[in-house]
Trainee: 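Sharing a structure below in structure tokens format, with a few things to ask.
Keep in mind that what you see is a predicted model, and the values were worked out from it rather than measured.
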Amino acid sequence: MLENRGKMEPMAPARVVSFSIGKPLHEVYEFLLRPENFAKWAFVGDTRMTNLGDGDWAVETSVGPRILHFAARNASFVLTHTARIQPGDAPSVIPMRLMANGDGTEMTYVFLPRPNLSDAEWVSMIEWVTADLGALKSYLENEL
């Protein structure tokens, strides 16, 4: 343990995506704060969610099962959540935050790759999640 003192782990590449949403910050936050709304915009297709308690939700998606843990209500509008495939797995952190942008909302989402992800898988993940975020923007602006 002492031989690692002062040494940093290599940093993973990160990619930030930002969307301007034409809805007030508090409306967007209240919608995204409720985990059951996740299925309305993420994982296109038939998505089933089961509340496991303590902020954890089991999600059956078109890409397989996930266990998601959602952020609790906070004054900073942070919506960071984590995803695991199995209980006990190390969680993948999914940083997400909202900010006021005039009368609308700016949403930022930070992509951090999982270990052992190939370059092609990394690009695919970014494209896939960016499409989901575009669907979220459309849903919020047209359905909320």
Trainee: Say whether Ile85 and Leu68 are linked into one hydrophobic cluster, either directly or through other cluster members, by side-chain heavy-atom distances under 4.5 angstrom.
Mentor: no

Trainee: side-chain contact (heavy atoms from CB on, under 4.5 Å) between Met125 and Glu121: does it pass, once the steps are laid out?
Mentor: CA-CA 6 Å; Met125 182 183 81; Glu121 290 169 321; over 6 Å; no

Trainee: Are Met99 and Thr108 close enough, and set up right, to give a side-chain contact (heavy atoms from CB on, under 4.5 Å), and what steps lead you there?
Mentor: CA-CA 8 Å; Met99 294 156 279; Thr108 58; 3.5 Å; yes

Trainee: Out of Trp41, Phe19, Phe31, which residue meets the side-chain contact (heavy atoms from CB on, under 4.5 Å) rule with Leu140?
Mentor: Phe31

Trainee: Check Ala71 against Thr80 and note the closest heavy-atom contact, atom names and distance.
Mentor: CB-O, 3.2 Å

Trainee: Between Phe77 and Tyr109, is there a shared hydrophobic cluster once you connect ILVMFWY residues whose side-chain heavy atoms come closer than 4.5 Å?
Mentor: yes

Trainee: State which residue, out of Leu133, Leu25, Val28, fulfils the side-chain contact (heavy atoms from CB on, under 4.5 Å) condition with Met107.
Mentor: Leu133

Trainee: Do you know which two heavy atoms are closest between Leu33 and Ala72, and how far apart they sit?
Mentor: CD1-C, 4.2 Å

Trainee: Any heavy-atom pair between the side chains of Tyr29 and Asn74 that's under 4.5 Å?
Mentor: yes

Trainee: Looking just at side-chain N and O atoms, do Thr130 and Glu127 make a donor-acceptor pair shorter than 3.5 Å?
Mentor: no

Trainee: In terms of the angle between their ring planes, are Phe70 and His81 parallel, tilted or perpendicular, with boundaries placed at 30° and 60°?
Mentor: parallel

Trainee: Partners of Glu27 by salt bridge (Lys or Arg N to Asp or Glu O under 4.0 Å), sequence neighbours excluded?
Mentor: none

Trainee: Membership question, hydrophobic clusters at under 4.5 Å side-chain separation (ILVMFWY): are Trp128 and Val59 in the same one?
Mentor: yes

Trainee: Taking all atoms of both residues into account, what is the closest heavy-atom pair of Thr105 and Lys23, and its distance?
Mentor: OG1-O, 2.8 Å

Trainee: Does the pair Phe111 and Trp122 meet the rule for a side-chain contact (heavy atoms from CB on, under 4.5 Å), with working shown?
Mentor: CA-CA 9 Å; Phe111 291 94; Trp122 169 240; 3.6 Å; yes

Trainee: For Ser20, is there any backbone N or O sitting under 3.5 Å from a side-chain donor or acceptor partner on Lys137?
Mentor: yes

Trainee: Which atom pair, heavy atoms only, marks the closest approach of Ala14 to Leu112?
Mentor: CB-CD2, 3.7 Å

Trainee: Are any of the side-chain heavy atoms of Ser138 and Leu136 separated by less than 4.5 Å?
Mentor: no

Trainee: Got more than 12 heavy atoms from elsewhere within 6.0 Å of CG, Asn142?
Mentor: yes

Trainee: Under the 3.5 angstrom rule, does the side chain of Asp89 hit a backbone N or O of Pro91 as a donor-acceptor pair?
Mentor: no

Trainee: Quick one: does Ile67's side chain get under 4.5 Å of Leu52's, heavy atoms only?
Mentor: yes

Trainee: Can you check whether Asn101's main-chain N or O pairs, donor with acceptor, with Glu106's side chain at less than 3.5 Å?
Mentor: no

Trainee: Of all the heavy-atom pairs spanning Glu60 and Pro65, show the shortest one and how long it is.
Mentor: OE2-CB, 3.8 Å

Trainee: Before giving the answer on side-chain contact (heavy atoms from CB on, under 4.5 Å), spell out for Trp57 and His69 the whole-Å C-alpha distance, their side-chain angles and the decisive distance to 0.1 Å.
Mentor: CA-CA 6 Å; Trp57 288 72; His69 181 85; over 6 Å; no

Trainee: State, yes or no, whether a side-chain contact exists between Arg15 and Val110 at a heavy-atom distance under 4.5 Å.
Mentor: no

Trainee: Answer yes or no: is there an ion pair linking Glu30 with Arg73, defined by an N-O contact shorter than 4.0 Å?
Mentor: yes

Trainee: Nearest heavy-atom pair of Ser76 and Arg97: which atoms, and what distance?
Mentor: O-NE, 3.1 Å

Trainee: Between Asp56 and Arg84, is the salt bridge (Lys or Arg N to Asp or Glu O under 4.0 Å) condition met? List the steps.
Mentor: CA-CA 10 Å; Asp56 286 341; Arg84 295 176 282 141; 3.5 Å; yes

Trainee: Within the structure provided, determine whether Leu98 and Leu32 are in side-chain contact (heavy-atom separation under 4.5 Å).
Mentor: yes

